[in-house]
Amino acid sequence: MDAATEATRSLRGLSSELTARVPQLLEAMRTVGAGLELHVTLDRIVETAAELADARYAAIGIIDEAREGLSDFVTYGVTPRQHERIGALPDGHKGLLGALIHDPKPLRLDDLTQDARSAGFPPGHPPMRTFLGVPIRVQGDIFGNLYLTEKRDGGVFSEEDLHMVRVLATEAGIAIGNARLHAATRQRERWIDGSVAVTTELLAGSDVDDALAVVAEQARKLADSAAGIVLLPDEAGGLEIVAVSADEPAGIMGTQIPNDSPVVEQLLAGEPVFVDDSATDPRMVTDIAQRFGPSMMLPLKSGGRVLGTLSTPRARGARPFTAAERTLATQFAAQAALALVLADAQRDRERLAVYEDRDRIARDLHDLVIQRLFATGMILESAQRRTIVPEVAHGVGKAVDELDVTIQEIRTAIFALQQGPAEAPSGLRTRVLREIGTAAVPLGFQPSAGFIGAVDSRVGELTGKNLIAALREALSNAFRHSQASRIEVVVDATIRLPDGTDGVRLTVADDGIGIPDSGRRSGLKNLANRAESLGGSSTYGPGLGDGGTGTTVRWEAPL
């Protein structure tokens, strides 16, 4: 209100010509003040200013945070074809635009080409001679400058034009301030909603790998970045990429940042790292840095403990992150870290309950089932000795042999149930069997397992880790959705991928109800994203039931 009052006061005592144009000015001020979207407001300002001053061209140059140049340039009157011929927009580092940045005062010129500060025009630029420039202030700070060129009648801009545009610039500053406040509020709301979504998803029971993937995906969307990346500390003291959300994730998963990288020490100490251009910054030592431009690397820190790092790089040539975006992203990373800690504690409680249930089942199998099977075998052996019919003796002997095999299988299952996570060998075959044994408790039956090829020696650690996560996802989907009574798991390390490279295929087939036509596909999407990040693929088709009922998931990745 003070700014508007001051602007209106400046009209007093002016010429009758200017007084006659006051209704036009008031209408222009009303037009500029309508709406809250920032870019729509800027477009409206340049168009209204051009009409008010009868100018052919108008523009607003928005000053960057360093106050050294322009971060954006909004134009009116220049056609798309002219824009294409001109090429890059002005950066405000030189010429009249740069002069107005460093000396923000109204400027009126009858012929800008004769001014010593003029730097000329690039090829394809429309000719411009008359010039009017007025600074736009938002809450006392310079936001940018309003430029007008070329009077439509071929004349020059008058003092009355200057007064009118100055008043309009004051109103524009108010409108821009409102639009920026609205945009900042909306931006904070989006980041808060994103934090709530991450917390809800993590506490819904997702495993660690899926939880990190959720953080990466939400961060990418909120930061408007080309990728969302989560890194965790590795054994060598560096950082390793363990979750990626990107349009082209191939080649990113598994990338390691060595412990002697300049950014690792800072990140593991809980300090954020902001990079203006990843491709040229000497601190960025990995090959994938060449793909990206501005980047935020934020520690996932909770209670003084650094869990890892969240990175949100933008594409090369994209706009840098603003101070507000950096603050909001840092707060999001802290909230995500807290949610990860809470989710991990919740999973520990659930895992403890599962282990207790497994111990009970193991005791029951040992104390009840095996003893009964053993007693049944003894009875059958006694009957076999007393029978005089050879066919009966052969059949009873076969039944005894089957009981012996069953007892051995139950003892193997008991061993798997009683095995803690720290006791499990590191081989992929054993990890697969352990996942299947864990899934048997909620399923109520033991899925079968088959292995083809040298699974333990051929499958690398990164691929193996993701295969186990894919198996866990597939078994979880079967338990929650399929209503299956039979599941078959096969790991084949002898396949060839479509591009001719050696690969491994995980197949999980069931005889359940299949995948409905409608409903969520998040589990299948997670499987596909995990495979694609390694250069593989994930598909699904008919299952084991009669007529192909049920579902078969095939997950493939390079060895």
Side-chain angles (χ1 to χ4, degrees), residues 37-39 180 182-204 206-232 241-253 255 272-275 278 288-289 291-302 307-340 342-343 469 473 520-533 538:
E37 294 297 332
L38 181 57
H39 276 280
R180 290 174 69 181
H182 175 71
T185 301
R186 292 285 300 275
Q187 186 180 48
R188 282 194 296 271
E189 288 176 353
R190 286 194 300 270
W191 282 94
I192 292 172
D193 290 343
S195 297
V196 171
V198 165
T199 303
T200 302
E201 185 70 24
L202 298 189
L203 296 181
S206 302
D207 62 39
V208 174
D209 292 324
D210 289 340
L212 297 177
V214 168
V215 173
E217 184 176 356
Q218 284 289 340
R220 176 195 177 194
K221 180 174 67 174
L222 293 169
D224 191 25
S225 57
I229 299 172
V230 176
L231 306 93
L232 295 182
I241 295 177
V242 297
V244 179
S245 174
D247 290 335
E248 298 180 3
I252 300 178
M253 182 76 82
T255 299
V273 175
F274 301 106
V275 177
S278 299
I288 63 171
R291 302 188 190 184
F292 303 114
S295 178
M296 294 187 290
M297 303 183 72
L298 310 166
L300 293 169
K301 181 179 178 182
S302 178
L307 308 177
T309 296
L310 173 63
S311 178
T312 57
R314 281 179 173 158
R316 296 193 65 175
R319 65 178 179 84
F321 292 99
T322 65
E325 286 175 323
R326 293 180 179 187
T327 300
L328 291 170
T330 301
Q331 294 170 349
F332 172 84
Q335 178 66 27
L338 176 59
L340 285 170
L342 294 176
E473 178 78 36
R520 295 183 62 188
R521 295 287 194 275
S522 58
L524 296 172
K525 181 181 178 183
N526 290 339
L527 290 170
N529 289 341
R530 191 179 297 280
E532 289 168 3
S533 70
S538 180

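As the structure is a prediction and not an experimental result, all values here were calculated from the model. One-based numbering along the sequence shown.
The shortest non-hydrogen separation linking Ser538 to Ala531 is N-CB, 4.1 Å. Residues Ile241 and Val244 come closest through the heavy atom pair CG2-CG2, 3.5 Å. Of all the heavy atoms in Phe274 and Leu298, the pair that sits closest is CE2-CD2, 3.9 Å.
Taking 4.5 Å as the limit, some side-chain heavy atom of Pro299 sits within range of a side-chain heavy atom of Pro272.
The OG atom of Ser311 lies 8.0 Å from the CD1 atom of Ile288; values are rounded to the nearest 0.5 Å. Taken to the nearest 0.5 Å, the CE atom of Met297 stands 6.0 Å off from the OG1 atom of Thr309. Between the CD atom in Glu473 and the CG atom in Asn526 there is a gap of 5.0 Å [rounded to 0.5 Å].
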Would you mind writing out the side-chain donor-acceptor pairs for residues 212-229 within the sub-3.5 Å range, not counting sequence neighbours?
{"unit_1": "Arg220", "atom_1": "NH2", "unit_2": "Asp247", "atom_2": "OD1", "d": "2.7"}
{"unit_1": "Arg220", "atom_1": "NH2", "unit_2": "Asp247", "atom_2": "OD2", "d": "3.3"}
{"unit_1": "Ser225", "atom_1": "OG", "unit_2": "Ala227", "atom_2": "O", "d": "2.9"}

Would you tabulate the side-chain donor-acceptor contacts of residues 326-334 under 3.5 Å, counting partners in other chains and residues two or more places apart, or write 'none'?
{"unit_1": "Thr327", "atom_1": "OG1", "unit_2": "Ala323", "atom_2": "O", "d": "3.1"}
{"unit_1": "Thr330", "atom_1": "OG1", "unit_2": "Arg326", "atom_2": "O", "d": "2.8"}

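In terms of the side chain to side chain contact (heavy atoms under 4.5 Å, CB included) criterion, residue partners of Ser278 (sequence neighbours excluded) are, by chain and number, Val275, Met284, Ala289, Phe292, Ser295. Residues meeting the side chain to side chain contact (heavy atoms under 4.5 Å, CB included) test with Glu532, sequence neighbours left out: Ala528, Asn529. Annotation: side-chain hydrogen bond (donor to acceptor under 3.5 Å, both in side chains) contacts of Arg291 (sequence neighbours excluded): none. Under the rule for a salt bridge (charged side-chain N to carboxylate O under 4.0 Å, His left out), the partners of Arg319 that lie at least two apart in sequence or sit in another chain are Glu325.
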Just do the side chain to side chain contact (heavy atoms under 4.5 Å, CB included) check on Leu310 and Leu231 with the steps written out, would you?
CA-CA 6 Å; Leu310 173 63; Leu231 306 93; over 6 Å; no
